[in-house]
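Taking it in order: structure first as structure tokens, then the write-up.
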Amino acid sequence: MDKSKERIRKLMSADVRMGEAYYLFSRRRGVKENELNVLYALDDGGAHTQQQIVRDWLMPKTTVNTTVKALVREGYATLLPQGGGRDKQIVLTEEGRKRAQEILRDVYAAERAAMERTCSRFSPEFVEAVGYFADCLLEELSQRGGQGAAGKGNEREEDVP
């Protein structure tokens, strides 16, 4: 196997393992993975629309919508009108912020420890490098296979008719 292909396979395997780490954490904590993901997206203190979460976190629209409805129903989030359009901003309630912190405290601690260990061994620039690789890959694959996540639709397989 050539060096480039070997590096890419290692990177893709690492990406899968990172996703698996969050998935296993959510299962052990008894939290739905999608709830963990949406709470993570909302836990920056700002208001976000569903469309922003779909775009920024590459989550299917239906998944975000279903999860947000559950958070609103359980009193963890509220929807605020945004301008004159249909899109509403999602804001965590006080109870929602408490829930997010309760769930994400261990995630943030684990991420921080993993980052410190990694940066003590490698340059902190690896984060920008991986992000750059992801952007380049999105661009390259969208040119070869249609719009994909880099295009206007941001469709996932389950969203395509």
Side-chain angles (χ1 to χ4, degrees), residues 3-80 82 88-142 148-150 154 156 158:
K3 275 288 190 198
S4 179
K5 188 171 185 174
E6 184 178 332
R7 286 182 184 128
I8 292 167
R9 290 182 65 78
K10 284 182 179 181
L11 185 59
M12 300 311 293
S13 175
D15 178 57
V16 169
R17 290 193 316 274
M18 284 189 291
E20 182 72 2
Y22 290 103
Y23 168 74
L24 290 173
F25 174 83
S26 69
R27 287 199 57 193
R28 275 185 260 141
R29 289 295 301 266
V31 176
K32 293 178 181 167
E33 184 181 15
N34 294 328
E35 180 183 0
L36 177 74
N37 293 338
V38 171
L39 286 174
Y40 196 108
L42 293 172
D43 192 44
D44 64 358
H48 303 274
T49 65
Q50 288 187 36
Q51 192 58 37
Q52 287 170 326
I53 295 171
V54 166
R55 182 187 64 237
D56 295 346
W57 296 89
L58 299 178
M59 294 176 67
K61 288 183 240 179
T62 54
T63 299
V64 172
N65 185 270
T66 300
T67 305
V68 167
K69 282 181 179 178
L71 290 172
V72 168
R73 186 175 52 253
E74 295 164 3
Y76 296 133
T78 188
L79 301 176
L80 303 175
Q82 177 187 347
K88 292 183 171 53
Q89 293 195 324
I90 310 155
V91 179
L92 291 175
T93 63
E94 184 61 35
E95 284 301 309
R97 283 192 294 277
K98 287 178 187 174
R99 176 144 175 86
Q101 282 304 306
E102 174 189 317
I103 293 169
L104 295 171
R105 182 180 305 117
D106 289 334
V107 170
Y108 293 151
E111 289 172 336
R112 197 171 17 262
M115 184 61 72
E116 288 173 9
R117 287 172 53 192
T118 303
C119 288
S120 71
R121 183 169 174 188
F122 301 98
S123 165
E125 291 177 348
F126 89 94
V127 175
E128 281 75 26
V130 171
Y132 182 76
F133 175 81
D135 292 342
C136 291
L137 184 60
L138 276 167
E139 183 181 316
E140 293 293 334
L141 288 176
S142 69
N154 195 22
R156 293 284 195 142
E158 64 196 59

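- Taken from CZ in Phe133 to CG in Asp15, the straight-line distance is 9.5 Å, to the nearest 0.5 Å.
- To the nearest 0.5 Å, the span separating OG1 on Thr49 from CD on Gln82 amounts to 6.0 Å.
- Between Lys10 and Glu6, at least one side-chain N (NZ, or NE/NH1/NH2) sits under 4.0 Å from a carboxylate O, which counts as a salt bridge.
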- [ ] Show the numbers, then the answer: is there a side-chain contact (heavy atoms from CB on, under 4.5 Å) between Val16 and Met12?
- [x] CA-CA 6 Å; Val16 169; Met12 300 311 293; 5.7 Å; no

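- Scanning for ring pair (Phe, Tyr, Trp, His ring centres under 6.0 Å) contacts around Phe25 gives an empty result, with sequence neighbours left out.
- Summarising the geometry of Val31 relative to Leu36, their closest heavy-atom pair is CG1-N, 4.0 Å, with the distance given to 0.1 Å.
- Contact annotation: the side chain of Asn37 never approaches that of Ile53 to less than 4.5 Å [non-hydrogen atoms, C-beta and beyond].
- Taking CD1 of Ile103 as the reference point, atom CG of Leu39 lies at 5.5 Å (rounded to 0.5 Å).
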Open item on the list: Show, in sequence, the C-alpha distance, side-chain angles and deciding distance for Arg99 and Glu95, and conclude whether the salt bridge (charged side-chain N to carboxylate O under 4.0 Å, His left out) test is met.
Closed with: CA-CA 6 Å; Arg99 176 144 175 86; Glu95 284 301 309; over 6 Å; no

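- For residues 120-132, there are no side chain to side chain donor-acceptor pair (under 3.5 Å) pairs, not counting sequence neighbours.
- Summarising the geometry of Lys88 relative to Leu79, their closest heavy-atom pair is CD-CB, 3.8 Å, with the distance given to 0.1 Å.
- The distance from atom CG of Leu137 to atom CD of Glu139, rounded to the nearest 0.5 Å, is 10.5 Å.
- Contacts of Val91 classified as side-chain contact (heavy atoms from CB on, under 4.5 Å), with partners at least two apart in sequence or in another chain: Ala47, Thr78, Leu80.
- Few gaps surround CZ on Arg29; more than 12 heavy atoms of other groups in view lie less than 6.0 Å from it.
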- [ ] Could you please spell out the steps behind the side-chain contact (heavy atoms from CB on, under 4.5 Å) verdict for Glu116 and Arg112?
- [x] CA-CA 6 Å; Glu116 288 173 9; Arg112 197 171 17 262; 3.7 Å; yes

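- Under the 4.5 Å side-chain criterion, counting only non-hydrogen atoms from C-beta, Asn34 is not in contact with Thr66.
- Distance CG/Asp56 to CD/Gln51: 9.5 Å, rounded to 0.5 Å.
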Open item on the list: Run the side-chain hydrogen bond (donor to acceptor under 3.5 Å, both in side chains) test on Ser13 and Arg17 for me, step by step, so that the C-alpha distance in whole Å, both residues' side-chain angles and the decisive distance to 0.1 Å come before the verdict.
Closed with: CA-CA 6 Å; Ser13 175; Arg17 290 193 316 274; 2.8 Å; yes

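- Scanning all heavy atoms of the two residues, the minimum distance from Ile90 to Gln50 falls at CD1-CG, 3.5 Å.
- Taking CH2 of Trp57 as the start and NE2 of His48 as the end, the distance is 8.5 Å to the nearest 0.5 Å.
- Summarising the local packing, OH of Tyr108 is surrounded by more than 12 heavy atoms from other residues, nucleotides or ligands at distances under 6.0 Å.
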Open item on the list: Before you tell me yes or no, could you show the steps for Lys32 and Thr67 under side-chain contact (heavy atoms from CB on, under 4.5 Å), namely the whole-Å CA-CA distance, both residues' side-chain angles and the distance that decides it to 0.1 Å?
Closed with: CA-CA 9 Å; Lys32 293 178 181 167; Thr67 305; over 6 Å; no

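- Residues Thr93 and Gly75 approach most closely at OG1-O, 2.6 Å, considering heavy atoms.
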